[in-house]
**Student:** 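Below is a structure I'd like to ask you about.
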Protein chains: 2
Amino acid sequence: MSSAAAVLERTELPAEPEKRIRDRAATERAILDAAKGLLAEEGFQNFGINAVARRAGCDKQLIYRYYGGLDGLVETIGADLGSWVKERIPEDSGGMFLLTYGDLMERLALLYLDALRSDPLMRRIVAWEVSENTEQVRRLSEARSKALSQWLERMRGSLPAPKGIDTPAVNAVLIAAIQHLVLAAAIGGQCAGISLKTQKDWDKAATALKRIVRGVYG
Amino acid sequence: MSSAAAVLERTELPAEPEKRIRDRAATERAILDAAKGLLAEEGFQNFGINAVARRAGCDKQLIYRYYGGLDGLVETIGADLGSWVKERIPEDSGGMFLLTYGDLMERLALLYLDALRSDPLMRRIVAWEVSENTEQVRRLSEARSKALSQWLERMRGSLPAPKGIDTPAVNAVLIAAIQHLVLAAAIGGQCAGISLKTQKDWDKAATALKRIVRGVYG
DNA sequence: GCTGCTACTCACCGGTCGGTGACAGGCTGG
DNA sequence: CCAGCCTGTCACCGACCGGTGAGTAGCAGC
């Protein structure tokens, strides 16, 4: 074992992440970013103290010190979900007037579909929610659903709900459908027999979704 | 350490599962049952060779020998899913005539909802499918979707599909909705803001589902 | 009784997990 | 200058993981 080999190995390592030296804020950020990235890329299966510390390039002890362990870290991620919503709320109505409840829900469904499709972290969190029933997941779930409902509320504005329809139940079914479609697609590229890989596939799914929304809400 | 203590401990153990002695078939069955039970009760998180062997009351070596490891065992579980369908297919039409495609899909949606609700193993498998993308899960997923599609096909009979509607896409959305509702309910007792605990909650969800089906298919 | 096969158990491997305590080095207030 | 704090490192713990090789109990045929 020559020192040359060691040097080679070192230089081969990808982008030695610029040693933070005694900069707590930067370290905390690195840990949080590592946690979010890891969760988004690997899922909750391999999400653990050791993995996060490895990815953040610091000692796991710091995670205990700064966040009080994995639970605190997850809670911090949950607290960030509020900002997720804010980033993704389109403030305008996309240039169209939402005259009816059907208009609103169609737009909302399609927006939510795209938002979830383009956000691996959120997808992993949703998958986590339906797979494990621990305290940390419950808290995360609560944060997510709160963020979502705020989003819905904001989109809804002052539009009156249609009479004679249990809108919360119907909307829950729609949301459930969207979430499951996106989860299944992200994992296996298909759901219940239809392929969900290309944009064309997604267009068909979106059309079906629109048809369903219009079917109930007109 | 007196032998009395050992005896006490032994008698305290729950239902010492009647030592199978050199009965390979029984051992194989015990392993398979343990695997299914463990998966249904604990989920895929803690599903491993050691846990299955512990529950089956035998050495994990036997799992390697008889099933070729966890993968083979999972595959065997998948093969059993066909029988799951057969057990749950109501051969009659529930005493009603299914005149339209809407009739069929409504009945099918409600049946699938109840079937999933009452089968923890199937729920865990669905949750697994949207959480992990390994070969074993893919195979399991394939077996499940095949069993499901056969079920649908059998229910459908010779009813013509409505024109002008992308029925596969619409049905996929419906199936997705059902699966996600049941998964979310089984974990947290709610989904997208509505509670899913009591039978009354489920009635409301079922009504919403019916309304949606009738909205698209008439 | 001996041989040989099958069913089965045990002990151990390397590795990773979450978690903790001790310690080194730099910065800061005095 | 030094004491004390803060940041970060390191070594280590017990538990569990999947996986393997060696060894043991029970039964058949001869």
Side-chain angles (χ1 to χ4, degrees), chain A residues 10 13 16-35 38-39 41-77 128 131-132 134-137 140, chain B residues 6 10 13 16-35 38-39 41-77 128 131-132 134-137 139-140:
Chain A
R10 171 164 281 265
L13 283 176
E16 185 79 17
E18 83 255 2
K19 281 284 176 205
R20 298 169 305 283
I21 32 168
R22 306 180 63 68
D23 182 345
R24 171 159 180 167
T27 303
E28 285 189 5
R29 233 179 304 117
I31 291 173
L32 188 57
D33 287 349
L38 192 67
L39 189 53
E41 289 168 23
E42 307 286 330
F44 55 93
Q45 300 281 9
N46 304 333
F47 186 72
I49 284 276
N50 293 305
V52 172
R54 222 176 295 131
R55 180 166 174 141
C58 72
D59 197 275
K60 59 180 171 180
Q61 178 68 26
L62 301 183
I63 300 178
Y64 286 105
R65 276 221 264 274
Y66 299 155
Y67 291 96
L70 249 199
D71 295 8
L73 187 51
V74 168
E75 205 144 351
T76 306
I77 293 179
W128 203 357
S131 300
E132 217 173 17
T134 62
E135 189 54 36
Q136 58 178 349
V137 178
L140 203 54
Chain B
R10 172 164 283 262
L13 283 175
E16 183 79 15
E18 81 251 7
K19 279 285 176 202
R20 300 168 305 282
I21 34 167
R22 307 183 62 71
D23 182 347
R24 171 159 178 169
T27 303
E28 285 188 6
R29 231 179 305 117
I31 291 173
L32 188 56
D33 287 348
L38 191 67
L39 189 52
E41 290 170 22
E42 306 287 329
F44 55 93
Q45 301 282 10
N46 302 332
F47 186 72
I49 283 275
N50 293 304
V52 172
R54 219 178 295 130
R55 180 166 175 142
C58 71
D59 197 275
K60 60 180 170 179
Q61 179 68 24
L62 301 183
I63 301 178
Y64 286 106
R65 276 221 251 283
Y66 299 156
Y67 293 95
L70 249 200
D71 294 7
L73 186 51
V74 168
E75 204 144 352
T76 306
I77 293 178
W128 202 355
S131 299
E132 216 173 17
T134 62
E135 191 53 38
Q136 60 178 346
V137 178
R139 267 203 267 269
L140 202 56

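Values below: every heavy atom of this structure, side chains too, minus hydrogens, waters and symmetry copies. Proteins get letters first, then strands, A, B, ... in listed order; numbering begins at 1 in each. From a predicted model like this one, the values you see are computed outputs, not experimental measurements.
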**Student:** Please give me the minimum heavy-atom distance between Leu73(A) and Ala35(A), naming the atom from each residue.
**Tutor:**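 Here Leu73(A) and Ala35(A) meet closest at CD2-CB, 3.7 Å.
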
**Student:** Answer yes or no: does a side-chain N or O of Tyr64(A) lie under 4.0 Å from OP1 or OP2 of dG21(C)?
**Tutor:** no

**Student:** Specify the separation, in whole Å, of atom CG of Asn46(A) and atom P of dC16(D).
**Tutor:** 20 Å

**Student:** Using a 4.0 Å heavy-atom cut-off, does Leu62(B) contact any base of the nucleic acid, only the sugar-phosphate backbone, or nothing at all?
**Tutor:**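 The residue Leu62(B) makes base contact.
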
**Student:** Whole angstroms only, please: what is the CD1-P distance between Ile63(B) and dA7(C)?
**Tutor:** 16 Å

**Student:** Whole angstroms only, please: what is the CD-P distance between Glu28(A) and dC6(D)?
**Tutor:**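 It works out to 14 Å between those atoms.
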
**Student:** Polar atoms only, N or O, under 3.5 Å: list the protein pairs with nucleotides 10-13 of chain C and their distances.
**Tutor:**
unit_1	atom_1	unit_2	atom_2	d
dC10(C)	N4	Asp59(B)	OD1	3.4

**Student:** Can you confirm whether Lys60(A) sits close enough to Arg54(A) that some side-chain heavy atom of one is under 4.5 Å from a side-chain heavy atom of the other?
**Tutor:**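 Lys60(A) does not reach Arg54(A) side chain to side chain.
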
**Student:** Round to the nearest Å and state the distance from Asn50(B) atom CG to dT9(C) atom P.
**Tutor:** 14 Å

**Student:** Between Thr27(B) and dC8(C), is there a side-chain N or O to OP1/OP2 distance below 4.0 Å?
**Tutor:** yes

**Student:** Looking at Val137(A) and Glu132(A), what are the two nearest heavy atoms and their distance?
**Tutor:** CG1-O, 3.6 Å

**Student:** Provide, to the nearest angstrom, the distance between the CG atom belonging to Leu73(B) and the P atom belonging to dG19(D).
**Tutor:**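 The distance from CG of Leu73(B) to P of dG19(D) comes to 12 Å, rounded to the nearest Å.
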
**Student:** Quick check: closest heavy atoms across Leu140(B) and Val74(B), and the distance to 0.1 Å?
**Tutor:**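 Looking at all heavy atoms of both residues, the closest pair is CD1-O, 3.6 Å.
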
**Student:** Quickly work out the Tyr67(A) OH to dG19(C) P distance and round it to whole Å.
**Tutor:**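 Tyr67(A) atom OH is separated from dG19(C) atom P by 17 Å.
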
**Student:** Main chain of Glu28(A), side chain of Tyr67(A): is a donor-acceptor contact present, judged purely on distance under 3.5 Å?
**Tutor:** yes

**Student:** Is the ring pair Trp128(A)/Phe47(A) parallel, tilted or perpendicular, if the boundaries are 30 and 60 degrees?
**Tutor:**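 The arrangement is perpendicular - the two ring planes meet at more than 60°.
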
**Student:** Establish, with yes or no, whether the OP1 or OP2 oxygen of dC27(C) is under 4.0 angstrom from a side-chain nitrogen or oxygen of Arg24(A).
**Tutor:**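 It does not, given that no N or O in the side chain of Arg24(A) lies less than 4.0 Å from OP1 or OP2 of dC27(C).
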
**Student:** Do Arg55(A) and Glu42(A) meet the salt-bridge criterion of a basic N to acidic O distance under 4.0 Å?
**Tutor:**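 No, no charged N to carboxylate O under 4.0 Å.
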
**Student:** Provide, to the nearest angstrom, the distance between the CZ atom belonging to Arg54(B) and the P atom belonging to dC16(D).
**Tutor:** 7 Å

**Student:** Whole angstroms only, please: what is the CD1-C1' distance between Ile49(A) and dA15(D)?
**Tutor:**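 These atoms are roughly 17 Å apart.
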
**Student:** Check whether any side-chain nitrogen or oxygen of Arg65(B) sits under 4.0 Å from OP1 or OP2 of dT9(C), and answer yes or no.
**Tutor:**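 So the side-chain polar atoms of Arg65(B) never come under 4.0 Å of the phosphate oxygens OP1 or OP2 of dT9(C).
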
